[in-house]
Student: 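Dropping the structure in here first, questions after.
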There are 2 protein chains.
Amino acid sequence: MLKAVANVMRQPNPKGGPMEAPGSRGTGNTKHRIVDAAIETLKKDGFAGASARTIAERGGFNQALIFYHFGTIDGLLLAALDRTSEERMRAYREAIEGATTLTELATVAGRVFREDLRSGHIKVMAELIAGTSAHPGLGPEISRRVEPWIELTREVGQRVSRGTGFDGVLPPEDMAFAVVSLFLGIELMSHLDGDTTRAERLFSVAQGLASTFEGLLRFGTGAMVGEEAP
Amino acid sequence: MLKAVANVMRQPNPKGGPMEAPGSRGTGNTKHRIVDAAIETLKKDGFAGASARTIAERGGFNQALIFYHFGTIDGLLLAALDRTSEERMRAYREAIEGATTLTELATVAGRVFREDLRSGHIKVMAELIAGTSAHPGLGPEISRRVEPWIELTREVGQRVSRGTGFDGVLPPEDMAFAVVSLFLGIELMSHLDGDTTRAERLFSVAQGLASTFEGLLRFGTGAMVGEEAP
DNA sequence: GTCTATACTTGGATAGAC
DNA sequence: GTCTATCCAAGTATAGAC
């Protein structure tokens, strides 16, 4: 039950492994396919269903390849998280970086998260976080990979709230923690009954609230909180 | 992998099982102990770590007893959820029913959820929801057991927002879904690094926000949204 | 690098003695 | 109702042929 702990970060194989040597064409392609299958399996079967056998069967390759390329299952799962995380982080950054007002942010973040919800990208993270209790060795590794999401959220929140007179009230760190938690929770809930309509509705409402709120602020509420426009 | 699906609701044993016969003293005590151990195991080892053997070892009883009393592991896990859910529901209801203002609500709900966070009661639910992907048969069962929580949240939210001029803006259903999701997410995040300080801080801040907001409302913002006090 | 075969462990579940 | 013994499926991981 605990024996994977010390091995989580172990390198592919004792002899240096498939180190993506300069001239190797096509190599690395298999690793890619394995990671794909792992992501797919985490989405559909969850952490508890992500065994070497199920992953290998879904991907149509041999089970032993996992251990050759990633050492352990946990190693593969971390690689899977790295991939989705990187992909989605790029998507969020691109979508969000143009947004400066609360309304824009709500619109654009809602759109990207809807994509996630449908494709299950955040599910990978939620499942791994939940699975951490069973494989404690994963804890610190997952934790490190979640931090950038909190940081991204904090940055964006801070940028958008600047000058609204709201940015002293809810500290950005707390806001970011809450938002990331909320997204993870929505992901869990939505996959419970395969029903994303509640989540979709929530995002519509949030969008509406954001622009209403923004309108109110422009109205002079800023002065009430004791803030001046820059 | 899928064979538990049809068995989830199966009764204890073929012959009618240990049906808590009227005169049986002490009986049912064992079932209780088994459920205790299951809850403890879900909290500490998560869904993926909650095997018959680990549960039995933690509880100091024989592994076979689980199948005698609950038919399957999934059956036991549902019983575990029933117990925590009932216990915590009572605690929340008692704590919350007196609260009529937003400030009171934030204070009291925060206190109870902090208890949860430390004792891990909601973790049981979060782990089971996450585990549902691996055991699809659990899906509907868990879903049924989550609904009352959304309903409770909705009721309370509605009661508190009544007359604040806020209760048309964020539909109670959406609010309830968001709050439950948020709590589940916070639970996941807090157990990831065993650090509950971020969650604790968030609750303090929320408490502060609630009373600030309430103060603003009393100030006449209600009129701005077009609502009159009852 | 990839496959087959295999060792060994853990897990769900049942039979049967007590 | 509880325990021992046991069956068999599934899991991780490795050795060794190709």
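First the proteins, then the strands, lettered A, B, ... as listed; each starts at 1.
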Student: Nearest-Å distance, CG (Leu76(A)) to C1' (dA13(D))?
Tutor: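 The distance from CG of Leu76(A) to C1' of dA13(D) comes to 14 Å, rounded to the nearest Å.
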Student: Just checking Ile66(A): base, sugar-phosphate only, or nothing, at a heavy-atom cut-off of under 4.0 Å?
Tutor: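 Nothing, no nucleic acid heavy atom in range.
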Student: Minimum heavy-atom separation for Met189(B) to Asp193(B), with atom names?
Tutor: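 Looking at all heavy atoms of both residues, the shortest contact is O-OD1, 3.5 Å.
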Student: Within less than 4.0 Å of OP1 or OP2 of dT2(C), is there a side-chain N or O belonging to Thr30(A)?
Tutor: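 Affirmative; the distance criterion is met.
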Student: What is the distance, to the nearest angstrom, from the CZ atom on Phe47(B) to the P atom on dG11(C)?
Tutor: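 Taking CZ of Phe47(B) and P of dG11(C), I get 13 Å after rounding.
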Student: Output the rounded distance in Å from OH (Tyr68(B)) to P (dC3(D)).
Tutor: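 Those two atoms, OH and P, are 12 Å apart.
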Student: With sequence neighbours excluded, what pairs up with Phe183(A) under the ring-ring contact (aromatic ring centres under 6.0 Å, His included) test?
Tutor: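 If we apply the ring-ring contact (aromatic ring centres under 6.0 Å, His included) test to Phe183(A), skipping adjacent residues, the hits are Phe113(A), Phe203(A).
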Student: So if I take residues 56-65 of chain A and measure heavy-atom distances to DNA chain C, which residues fall below 4.0 Å?
Tutor: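 Within this stretch, Asn62(A), Ala64(A), Leu65(A) sit under 4.0 Å of the strand.
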Student: Measure from CZ on Phe70(A) to P on dT14(D) and round the result to the nearest Å.
Tutor: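 To the nearest whole Å, that distance equals 16 Å.
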Student: Quick one: are Gln158(B) and Arg154(B) in side-chain contact, heavy atoms under 4.5 Å?
Tutor: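 They are in contact (side-chain heavy atoms under 4.5 Å apart), so the answer is yes.
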Student: Round to a whole Å and report the spacing from CD1 of Ile34(A) to P of dG1(C).
Tutor: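 After rounding, the gap between these two atoms is 11 Å.
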Student: Please table the atom pairs, donor to acceptor, closer than 3.5 Å between any side-chain atom in residues 57-64 of chain A and protein atoms at least two apart or in another chain.
Tutor:
unit_1	atom_1	unit_2	atom_2	d
Arg58(A)	NE	Thr41(A)	OG1	3.2
Arg58(A)	NH2	Asp45(A)	OD2	2.9
Asn62(A)	OD1	Ala64(A)	N	2.8

Student: Between C1' on dT14(D) and NE2 on His69(A), what's the gap in Å once rounded to a whole number?
Tutor: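 The distance from NE2 of His69(A) to C1' of dT14(D) comes to 15 Å, rounded to the nearest Å.
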Student: Nearest-nucleotide wise, let me know which of Ala52(B) and Arg53(A) is further upstream toward the 5' end of DNA chain C.
Tutor: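 Result: Arg53(A).
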Student: I need the minimum non-hydrogen distance between Gly49(A) and Thr54(A), along with the two atoms involved.
Tutor: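 Taking every non-hydrogen atom into account, O-OG1, 2.8 Å.
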Student: Shortest non-hydrogen contact from Arg159(A) to Ile96(A)?
Tutor: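 For Arg159(A) and Ile96(A), the tightest heavy-atom pair comes out as NH2-O, 3.0 Å.
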Student: Given Asp36(A), which partner from the list Lys43(A), Arg83(A), Lys31(A) fulfils the salt bridge (charged side-chain N to carboxylate O under 4.0 Å, His left out) test?
Tutor: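 Testing each of Lys43(A), Arg83(A), Lys31(A) against Asp36(A), the sole residue satisfying salt bridge (charged side-chain N to carboxylate O under 4.0 Å, His left out) is Arg83(A).
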Student: dG16(D) P sits how many Å from Phe67(A) CZ, rounded?
Tutor: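 Those two atoms, CZ and P, are 18 Å apart.
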Student: Hey, does the side chain of Ser51(A) come within less than 4.0 Å of dG11(D)'s phosphate (OP1/OP2), counting only N and O?
Tutor: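 Looking at the OP1 and OP2 atoms of dG11(D), one of them is under 4.0 Å from a side-chain N or O of Ser51(A).
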Student: Nearest whole angstrom, please: distance from the P of dT2(C) to the CG of Asn29(A).
Tutor: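 Roughly 9 Å, once rounded to whole Å.
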